[in-house]
2 protein chains.
Amino acid sequence: MHSSALYEQFAERGLRRTPQRLAVWRAFAEKPGRTIRQVAGDLAEEGIGQATVYRAVRALEGAGLLLGYASPRGEVRYVAVLGHAHVLVCRRCGEVTSLQECQIEDYERRLQSKTGYQISGHTLAIYGICPRCLQEEGL
Amino acid sequence: MHSSALYEQFAERGLRRTPQRLAVWRAFAEKPGRTIRQVAGDLAEEGIGQATVYRAVRALEGAGLLLGYASPRGEVRYVAVLGHAHVLVCRRCGEVTSLQECQIEDYERRLQSKTGYQISGHTLAIYGICPRCLQEEGL
DNA sequence: CGTATAAGTGATAAGATTTATCAGGTATGC
DNA sequence: GCATACCTGATAAATCTTATCACTTATACG
């Protein structure tokens with residue numbers, strides 16, 4: 001899954017490309033919207049230590065390869081991204097969709113000149129109920 | 001601080017207006033961008049139990065009176081809001097500014113028709129370095 | 001290639017955070 | 001006022017996260 005772009009990101013950030021970090025990134029790519037602990041549980045079966053998963057998430061998040069967002073339950077959940085992305089989250093089933101479209105840059109520019117902040121990024125999570133849950137609940 | 005609007009929100013959501021919940025909301029209003037545990041620590045000195053703070057945050061968040069966002073450190077931090085708001089966060093000192101302006105509604109409408117989601121809200125956190133930190137670091 | 005070395009890993013334990021429980025208190029509607 | 005459903009505080013239990021340290025490995029360089 002776009003391994004070359006992924007590898008470039010590792011190199012650019014001075015991150016070593018270890019099998020564990022790749023596994024962590026892939027875990028969030030396959031099932032987006034999970035918590036660190038959930039992924040740590042799964043990867044433990046592959047012999048990857050939980051401390052390693054926590055460390056890998058910090059490193060990948062810092063490199064912009066994972067995106068964290070606050071779930072309505074007050075947890076931080078992550079999505080694997082390559083470059084910039086936002087998430088669309090179902091409040092019922094927790095399904096997560098990555099969105100590549102972004103129109104916030106304009107807003108950021110205006111905000112930068114208005115507030116004097118040197119702006120360096122943002123996270124956007126949009127919540128709703130997915131079509132399947134709507135149907136199941138007859139809404 | 002807009003107590004009437006706050007009280008209306010409580011009533012609309014069927015939340016009881018207890019001194020503890022008001023204290024929790026005010027704590028986040030006075031110092032935005034803190035974690036639950038930080039506020040629980042402070043309010044413990046006023047005799048408010050930590051479990052109560054955790055419960056109050058869930059209730060207030062559900063009522064749309066607190067906004068949670070994922071900090072770059074992987075924690076969930078909260079801002080007191082009345083109605084809709086976003087946050088501007090300094091990556092250095094953690095200073096948080098609430099932003100009332102929002103242009104995401106249009107985007108949400110298009111997304112709703114495109115994905116079939118029944119969209120019901122979003123969180124936007126914009127990160128950067130505040131003017132004071134920029135100056136202190138000579139950037 | 002080999003080797004040096006800085007960085008990363010796994011296991012474990014320690015620490016910190018969050019939730020469950022339950023007896024008692026209190027805001028709300030009548 | 002009174003009843004009642006909801007909320008609170010204290011405590012304990014359960015979870016989650018980080019620190020430590022000996023060992024391993026990815027990268028750079030000759």
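The analysis underlying the following values was restricted to heavy atoms, covering all of them including side chains, and did not include hydrogens, waters or symmetry mates.
- Interface remark: the A/Arg16 side chain does form a donor-acceptor pair with the C/dA7 base, using a distance-only criterion of under 3.5 Å.
- What separates CG of A/Leu43 from P of C/dG10 is a distance of 10 Å, to the nearest Å.
- Nearer to the 5' terminus of DNA chain D, by closest-nucleotide assignment, is the contact made by B/Pro19 (compared with the other of B/Pro19 and B/Gln50).
- Residue A/Ile36 is classed as having no contact, given no heavy-atom separation below 4.0 Å to the nucleic acid.
- Residue B/Arg55 places a side-chain atom within donor-acceptor reach of the base of D/dG9, judged by atom type and a 3.5 Å distance cut-off alone.
- Residue A/Thr18 is in sugar-phosphate contact alone, with no base atom involved, counting any heavy-atom pair closer than 4.0 Å across all strands shown.
- A distance of 8.5 Å separates CZ of B/Arg17 from CG of B/Leu6, quoted to the nearest 0.5 Å.
- Residue order along DNA chain C, read from the 5' end via each residue's closest nucleotide, puts A/Ile48 first among B/Tyr54 and A/Ile48.
- Electrostatic pairing of B/Arg110 and B/Glu108 does not count as a salt bridge here, judged by no charged N lying under 4.0 Å from a carboxylate O.
- Residue B/Ala51 is the one, among B/Ala51 and B/Arg17, whose nearest nucleotide of DNA chain C lies closer to the 5' end (criterion: closest heavy atom).
- Taking atom CZ on A/Arg13 and atom C1' on C/dA7, their separation rounds to 18 Å, with Å as the unit.
- Going from atom CD of B/Glu45 over to atom P of D/dG9 covers 15 Å, rounded to whole Å.
- Atom CG of B/Leu22 and atom P of D/dT8 are 10 Å apart (whole Å).
- The residue among B/Arg21 and A/Arg58 whose nearest nucleotide of DNA chain D lies closer to the 5′ end is B/Arg21.
- In this structure, CD1 on B/Ile119 lies 11.5 Å from SG on A/Cys130, to the nearest 0.5 angstrom.
- In this structure, B/Leu43 CG and B/Gln38 CD are separated by 12.0 Å, a value rounded to the nearest 0.5 Å.
- For the pair B/Arg73 CZ and C/dT17 P, the interatomic distance rounds to 10 Å; values are reported in whole Å.
- The interatomic distance linking B/Leu60 (CG) with D/dC7 (P) rounds to 11 Å, in whole Å.
- Within 4.0 Å of A/Gly74, counting heavy atoms only, lies no atom of the nucleic acid at all.
- Taking 4.0 angstrom as the limit, A/Gln20 places none of its side-chain polar atoms (N or O) nearer than this to OP1 or OP2 of D/dT25.
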Practice problem: Apply ring-ring contact (aromatic ring centres under 6.0 Å, His included) to the pair B/His86 and B/His122, showing each step before the final yes or no. | Solution: CA-CA 9 Å; B/His86 297 311; B/His122 61 258; 4.9 Å; yes
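- For a distance-only test at 3.5 Å, the side chain of B/Arg37 fails to qualify as a donor-acceptor partner of the base of C/dA16.
- Nucleotide D/dC16 holds its P atom 9 Å from the CD atom of A/Glu75, rounded to whole Å.
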